[in-house]
Number of protein chains: 2
Amino acid sequence: MIKRKSLEEYKRGVLDGNRVVLSQAITLVESNLESDSELAGKLVQELLPHSGKSIRIGITGVPGVGKSTFIEAFGSLLLEKGKKVAVLAVDPSSQKTKGSILGDKTRMEKLALDKRAFIRPSPSGSTLGGVSAKTREAMLICEAAGFDVILVETVGVGQSEVAVKGMVDFFLLLMLAGAGDELQGIKKGIMEMADTLLIHKADGDNLPAAKRAKSTYSNALHLFPLGENSWAPKVLVGSSQTGDGLSEVWEAIQVFQDQMIRSGWFEKNRADQRLTWLHESVHAILGKLFYTHPEVKIMLQKGEIEVQKGIKSPMTFARELTKLFFS
Amino acid sequence: MIKRKSLEEYKRGVLDGNRVVLSQAITLVESNLESDSELAGKLVQELLPHSGKSIRIGITGVPGVGKSTFIEAFGSLLLEKGKKVAVLAVDPSSQKTKGSILGDKTRMEKLALDKRAFIRPSPSGSTLGGVSAKTREAMLICEAAGFDVILVETVGVGQSEVAVKGMVDFFLLLMLAGAGDELQGIKKGIMEMADTLLIHKADGDNLPAAKRAKSTYSNALHLFPLGENSWAPKVLVGSSQTGDGLSEVWEAIQVFQDQMIRSGWFEKNRADQRLTWLHESVHAILGKLFYTHPEVKIMLQKGEIEVQKGIKSPMTFARELTKLFFS
C-alpha cells in the first residue's frame, strides 16, 4: 500500500502552488491502481473550478526538428514575459523507450531549474487513450496550481497528434527547411491540423532555405480549407539558438487567442473538447472491460485473423462477441 | 411481420445477379428490425467468400460540384469498358432531407436504366456509424452479385468522408476552379485524404481556370507528406458534359491499383479496414446499449451540460455512468 495524502492536503498543496504536492497529485491521477482512482477523481473534481485559466498549446514535429530546444527557448521567453509555464507530454511510446521525449530534462536545463516552470515527462500507460486522459487531468491540475501557459509536446509521427489536438487551444507544428526534410516522417493529415507552422533551425546557412520554405508553405496553405474557427494558419521562421522568431510565435498565439475569444470559438471549442472527453472516457472504460474479459479475449484471438482475411464477417463477429460479453 | 425470403433464396438470387433479390438483400441488411439482424448476418457471412473482387472508389465533393453528373458520365464510361458498376451512398443527413444524394435517380438516367449498373440511395439510419456499417455490407453484397466497380458517394462537408475513406481502396475529391470556389464548403482534413483531385466542370469558359487550378494544386500537394502507401496524389481536370478527362481518372485509378497490389498495400489496407470495422462494430454495439440504457440516459442528460461548462469532471462522470450501466 502506497502512502497517499488526504484529499484536502492535495488540494491545499496544489492551490498553494507547492511543487512537491503538485508532482504527487499528478502521480496520483497517473496511477493505474484501482485504489487511487476514487481519490484522484475527487481531487480533479475539487480542482476543476480553479482550472481553465491558461492557454493550452500543442507542439509537434518529427524527432530531430528540435522540439526540446524550442520548448527550452520558448519557455524561457515566456518566463521573461512573466508567465508561469508547465510542460507536459503525450507519448504512448515512452514506456518502451523509457521516456523518448521530455525524459531527459537536461535538455531543458534552464526551464527545469526555474521555479516558475514545471516539467513533467509523459506518463506510462498501456494505451494512447490512457496516456492522453492522464495528460488532460495533469493539465487541469497544473492550471489549478497557477500555471498560465501549458505546453503539450508530442511526436509528429503517430496518432498522438489527434489526441493532443483534442486537448489544446492552439496547435504548433515544427518543421525543417530544405532538401525534402519538410516532409520527412510527418504523418499525413497533421499539416491540416496545425494553427501555425514554424520553420525551425532558421539560422546561419539554413536561413535562406527557411525563408523560401516559409513563402512556399504560405502559398500552399492558402489552397486548403479553413477550419470551423476561420483561422488562416500562419507560417513563421525561427531559431532556438539565436532566439529569432520566437516572439513572433507568441504574438501569433496571442492574436489567435484574442480572435477566438471574441468570436466565441475559444469557449465553444473547450466545451466541445470536454464533451468529447466524456464520451471518449465512456468508450475507453467500456472498451477496457470488454477487451480484458477472459472469454471475449479468447474468442477474439481466434476470430481476429479470420476477420482480417475476409473469411469472417466483422459485423456478425462483433455481435457474437458482445453477446458473450453480456452473458 | 414483414415477409422475408429464406437464406438460401437470398444467397442464390444475389450470386445469380438477380437485381430484384439484390435489392431485397440490401433492404434486409439495412433493416433496423432485431428480427432481421440474424438472417442478415448469416447472409453477409455466406456471401463473404464471393465478395472483394472489385475496386472500391470513394467520391466526395461539396454540393454543386457535380457529383451526380460525374457518376453518370464516369459510370457510363466504365460500362463501355465492360465493367459492372454499383453506386452506393453514405449520407447520414439523407433521412432528414429524404435523400439529398442519389435520392433523385433521374439525375443518373443512363446508369439507372442500364442493367450492368445498380444504384442504391443512402440507407436511413439514425447515426453515421449505422449508415456506414450498412453501406459496407451493401458493398459486399454488390460484389457478390458480380459488380466489379463500386462507387461510394458522400458529401464533402462532414464526418462521413472519414467513414468512406475507411471502406474504399481509392478516394477521389471533386473540386471547382476559380474565385475561391476551390475551398467553398470543403471540410478541413479532406484534401489530405484524397488519392486524386479532379478539377470538375473543366469546359468552355471554365477550362483556363481549371488548368491553372490543376498546376497550383499539383505544386501545393508536393509539400504535403505522402501516406503510408507512398502514393503521390494526382491532380486532374475533367468535364462530365464533354467527357474530357474522365478516361484519365480511370487510368489513375488503375495505375494506383496496380502499384498498390504490387507493393502489398492493397490487401494490407483491406485487412486493416476489416479489423477496424470489427472494432468499430463492437464500439457501436456497446455504445448503443449504453446510451439507450434508461437510467444512464437520465443521468447523462442531467450531467452533460455541467461537463460542457467545466463544472463536472468528464472522467469522474464517465466512471459514475459506467458504474450505473453495469449495476
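By convention in this document, chain letters (A, B, ...) are assigned in the order of the sequence lines, proteins followed by strands, and residues within each chain are numbered from 1. As the structure is a computational prediction, the values presented were derived from the model and not from experiment.
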Asker: What pairs of donor and acceptor atoms, side-chain ones from residues 41-48 of chain A against any protein atom, are under 3.5 angstrom apart with sequence neighbours left out?
Answerer:
residue, atom, partner, partner atom, Å
A:Gln45, OE1, B:Ser313, N, 2.8
A:Gln45, NE2, B:Ile311, O, 2.8
A:Glu46, OE1, A:Lys11, NZ, 3.0

Asker: Let me know if B:Arg319 has heavy atoms under 4.5 Å from chain A in its side chain, its backbone, both or neither.
Answerer: both
Asker: Could you tell me which portion of B:Lys312 (side chain, backbone, both or neither) has an atom closer than 4.5 angstrom to a non-hydrogen atom of chain A?
Answerer: both
Asker: Kindly state whether the ring of A:Phe290 and the ring of B:His279 have centres lying under 6.0 angstrom apart.
Answerer: no
Asker: Could you give the distance from CG (B:Leu286) to NE2 (A:His283), rounded to the nearest 0.5 Å?
Answerer: 7.0 Å
Asker: Which heavy-atom pair separates A:Gln308 from B:Arg274 by the least distance, and what is that distance?
Answerer: O-NH1, 2.6 Å
Asker: Do A:Leu223 and B:Leu221 come within less than 4.5 Å of each other through their side chains, counting heavy atoms only?
Answerer: no
Asker: Relative to chain A, which of B:Gly189, B:Ser51, B:Gly227 shows the most heavy atom pairs under 4.5 Å?
Answerer: B:Gly189
Asker: Name the residue from A:Leu275, A:Val282, A:Leu278 that meets the side chain to side chain contact (heavy atoms under 4.5 Å, CB included) definition with B:Pro314.
Answerer: A:Leu278
Asker: Side chain, backbone, both or neither: which part of B:Thr316 has a non-hydrogen atom closer than 4.5 Å to chain A?
Answerer: side chain
Asker: B:Thr322, B:Thr276, B:Leu140, B:Leu289: which one forms the most heavy-atom pairs within less than 4.5 Å of chain A?
Answerer: B:Thr322
Asker: Identify, with sequence neighbours excluded, every residue that meets side chain to side chain donor-acceptor pair (under 3.5 Å) alongside A:Glu34.
Answerer: A:Ser37
Asker: Less than 4.5 Å to any heavy atom of chain A: does that hold for the side chain of B:Glu137, its backbone, both, or neither?
Answerer: side chain
